[in-house]
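All residue numbers in this chain count up from 1 along the given sequence. Note that ligands are numbered from 1 as they come in the structure, with each ligand's atoms numbered from 1 the same way. Every value quoted in this text rests on a predicted model; they were computed, and no experiment measured them.
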Amino acid sequence: MTMKPSQKEEEYFIKLEFEKKKKLEAEKNKRIMEEEKKRLRDLHHMRCPKCGMTLVEIDHMSVKVDRCASCDGIWLDAKELETIIQLNQPNLKRWLKLF
Ligand SMILES: [Zn+2]
């Protein structure tokens with residue numbers, strides 16, 4: 001009888017070790033992705049998606065509109081377009097006059 005583990009056992013431990021390292025790598029990548037997401041969010045927050053300049057928030061008739069101070073582009077948050085559509089005709093005209 002030999003003390004050396006059999007080939008199969010050795011393979012099993014190599015595989016186990018690999019799975020452990022693979023899991024650690026995946027966790028590391030996830031952390032890097034989260035850091036990158038945070039970095040991009042900080043970098044792009046309230047920036048125009050077209051020209052990259054600062055967006056100015058305008059709060060009008062319960063709709064918050066972000067307007068670019070440079071190219072005059074208008075950015076709406078989720079559901080804000082639906083809110084604008086729901087405004088009745090005279091209100092909508094008044095609202096649109098602003099822009
Ligand atoms: Zn812009």
Quick check: do [X] and [Y] have side-chain heavy atoms less than 4.5 Å from each other?
X	Y	value
Cys71	Cys48	yes
Gln7	Glu11	yes
Arg67	Leu55	no

Heavy-atom closest pair (Cys68 atom, Met53 atom, distance to 0.1 Å) is SG-CB, 4.1 Å
Answer yes when Glu25 and Lys22 have at least one side-chain N-carboxylate O distance shorter than 4.0 Å, and no when they do not. no
Count, excluding waters, the protein N, O or S atoms that are closer to the Zn ion (ligand 1) than 2.8 Å. 4
Of Glu36, Lys38, Lys30, the residue whose pairing with Glu34 passes side chain to side chain contact (heavy atoms under 4.5 Å, CB included): Lys30
